[in-house]
Amino acid sequence: MRVTFLPDGRTFAAAGPMLVSEAAAHCDLPLEHPCGTRGRCTKCRIRFLEGAPPETPADVERLSGTLRADGWRLSCRAVVEGAAVVEIPAASRAAASKSFGPAVLRRGSRAASAGVGIAVDLGSTTVAAALVDRATTRVLAHASALNRQVAHGGDVISRIRFAMDHDDGDARLTRALRDTVAELVDGLLGESGVPTRDVVAVTACGNGAMTHSFVGESIRSLGEAPYHGSFTEPAEVPAADVGLTLHPDARARVFPQVASHIGGDTVAAVLATRMHRARRPELLVDLGTNTEIVLATPDGMEAASAAAGPAFEGAEITQGMRATRGAVDRVSLALDGGLLVHTVGGVDPEGICGTGLVDATATLLELGVVEPGGRMRPPGEAPVGLARAHASRMEAGERGNHRFLITDTVALHALDVRQLQLVKGSIMAAMHLLLARAGLGAADLRAVHVAGAFGTHLRKSTALRVGLLPPIDPERIRMVGDAAAAGARMALCDEEAWTLAGRTASGIRHVELATDPGYTDAFASAIPFPGGEEIP
Amino acid sequence: MDQPLKDLAAVIMEHTPDTRDRAAELTRKALATGVEPERIIDEGLVAGMADVGRRFRDNEIFVPEVLLSARAMQAALDVLEPVLAEYGLEPVGRCVLGTVQGDIHDIGKNLVSMMLRGAGFEVVDLGVNVSLQKFDAAIEEHEPHLVGMSALLTTTMPRMEKNIAEWSGRGWTDRFSVMVGGAPVSEAWAAEIGADGYGRDAASAVDLALSLMEARRGPRAR
């Protein structure tokens with residue numbers, strides 16, 4: 001197949017047939033898929049100028065006859081076999097930066113809030129803020145910036161260490177975080193022309209350490225068992241107290257945390273997914289260095305955290321890197337068996353990021369180069385029937401640390417696969433134990449919401465192949481992106497949502513898995529990859 | 001070498017869920033045919049676990065397989081324990097282990113604990129969130145040759161340093177050797193805080209324990 005995308009003028013060619021959405025992604029032209037590529041919405045529609053493929057049932061169901069006759073198709077369903085020219089309308093393109101949820105939010109309370117507000121997602125690496133018209137719930141402008149706390153430690157644990165080691169550590173962390181937010185807010189106001197005095201409300205969410213820091217509480221106690229914080233109730237303070245000069249009466253509301261490792265960002269994500277109202281079991285997985293998992297059943301909600309570690313950000317991976325320019329972020333097999341490799345920015349590969357790690361491992365499992373137990377085969381043990389082109393990519397390493405060349409310069413090493421096993425083992429063990437406590441299995445889940453920046457870019461097929469997500473129908477898996485940011489925006493526009501945030505935080509039961517007697521077994525059984533069978 | 005012992009070593013290296021029962025059964029059989037417990041340990045368990053350690057280091061197997069092996073070995077040890085007491089067999093060494101205060105992670109520490117038992121050590125495992133006082137009490141009670149500390153968080157690592165400083169302040173340095181481990185711990189850091197050794201994983205922890213025992217024997221050799 002060969003497809004050219006207009007107006008960008010980029011072309012992608014592969015030996016076999018391919019989904020247009022995947023080809024577009026390979027050209028760095030990601031499309032909007034709010035329904036999670038289920039063919040349910042029409043947000044990813046594109047127009048074929050040449051070589052339109054046959055209409056799919058989803059096209060017939062969702063697009064009018066006129067549109068279809070004019071070459072419009074759903075990109076998540078359209079498979080190109082020959083040559084095609086496709087036009088991508090601006091509306092179908094995925095937004096590049098952090099999103100704060102859909103264009104308009106549903107509201108619980110009837111009374112519309114007034115004025116302009118700011119929703120803030122206090123990420124430990126990236127802080128994002130959105131300027132929101134509270135009456136219409138629309139986002140007027142949004143931006144993100146590197147959290148200045150990074151200067152005091154790359155991850156939360158090292159910042160807690162910083163607070164423990166310095167008398168003024170907590171104060172410096174608070175200042176760094178508030179400065180980051182203030183600068184973002186200044187930028188948003190400048191860009192949109194909204195006067196400072198028009199901003200009447202701020203809501204902020206983040207993990208426990210971030211929200212503690214933001215309200216000026218010490219984070220030291222978060223570093224040692226029982227990892228309890230001092231701040232678990234919803235906080236409301238004058239905005240000036242958190243370093244923001246807005247309307248004189250402006251208030252800042254900060255999401256409460258549930259317990260230790262389950263922060264206010266998880267509470268906000270629960271709000272955004274509306275899973276607190278689930279009539280059948282639903283699961284939220286917020287993928288990150290600390291992965292939070294919430295199980296909602298009609299009996300209530302339980303949450304646990306899994307110390308997944310920084311492998312998704314490329315740390316502890318031999319040629320790992322963040323998902324920045326040059327990172328291998330997608331690897332797949334073409335129908336002719338060839339290896340398709342994509343890098344961020346479409347430039348020469350420099351390393352491999354989290355999604356690349358998942359994709360590459362899934363691919364090697366498919367090829368039999370990595371065994372279900374996780375062992376990477378050395379060149380002398382190439383699987384029977386492996387194409388010579390692939391076999392020549394296998395290289396022996398010391399002490400079993402063999403490698404597979406994804407490109408001429410970037411390889412996946414055997415120990416990288418082991419790192420992924422540890423990560424997904426800890427996540428799946430947590431999911432398994434939460435489900436087991438409720439007497440449920442993965443098959444009982446009506447929906448799995450996958451949140452987090454990393455979750456946005458993860459591909460369901462490969463995540464399922466390596467067992468990073470529970471083995472359920474992919475249609476029930478929803479990639480919800482930055483759900484916490486969307487939740488913060490909801491609470492900004494809707495009094496009822498804010499009330500609910502407090503109730504949700506106190507209603508979620510926290511389960512400490514590290515001390516669960518079944519944890520070791522659950523962890524060990526979650527480490528091997530799914531048994532090599534095809535995942536539907 | 002006797003067939004039951006070879007079989008026992010082989011069962012330890014297998015990674016199926018039933019190896020626990022089979023290892024116990026083979027141990028009973030060996031005892032019934034009059035094999036000395038010491039040989040069951042050396043030629044069966046230690047031989048089997050040594051191979052497990054090697055295969056782990058060479059990335060042939062991973063945590064779940066090591067866990068299954070360690071459990072099979074533990075099942076055999078459970079059978080041997082009453083008999084060992086009768087024989088008055090001395091362990092290779094005595095070791096007190098624990099995850100330091102403030103930290104509740106224990107999978108790695110448990111593996112070390114099981115592997116050390118497999119290598120013939122007597123292990124007193126104090127569990128997780130172990131305070132200095134608890135370590136002290138166990139040291140007074142058991143007079144260990146080795147004290148092992150584990151931490152999985154950089155925020156709890158400093159506890160290791162504090163404990164070691166406390167012990168050396170009391171002049172306990174010669175009483176026992178200290179080994180440390182855990183994800184954030186490194187060889188360099190272990191040396192910096194005055195630990196006697198660092199094990200990067202369960203298999204190397206056993207090698208370390210054996211070499212520390214060797215070093216302790218050195219100056220005291222009669």
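Proteins come first, then strands; the chains are lettered A, B, ... in the order of their sequence lines, and each starts at number 1.
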What class does the angle between the rings of A:F162 and A:H152 fall in, given that below 30° is parallel, 30 to 60° is tilted and above 60° is perpendicular?
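It falls in the parallel class, under 30°.
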If I measure from the heavy atoms of chain A, does [X] come under 4.5 Å with its side chain, its backbone, both, or neither?
X	value
B:I104	both
B:R71	side chain
B:L152	neither

Heavy-atom distance under 4.5 Å to chain B: side chain of A:E398, backbone, both or neither?
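Interface part for A:E398: neither.
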Ion pair present between [X] and [Y], side-chain N to carboxylate O less than 4.0 angstrom?
X	Y	answer
B:K6	B:E43	no
A:D155	A:R159	no
B:D58	B:R55	no
B:R20	B:E25	no

So which of A:D521, A:T515, A:D165, A:I160 has the largest heavy-atom pair count under 4.5 angstrom toward chain B?
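Highest number of heavy-atom pairs under 4.5 Å: A:D521.
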Hey, which of A:G400, A:P226, A:S158 has the most heavy atom pairs under 4.5 Å with chain B?
A:G400
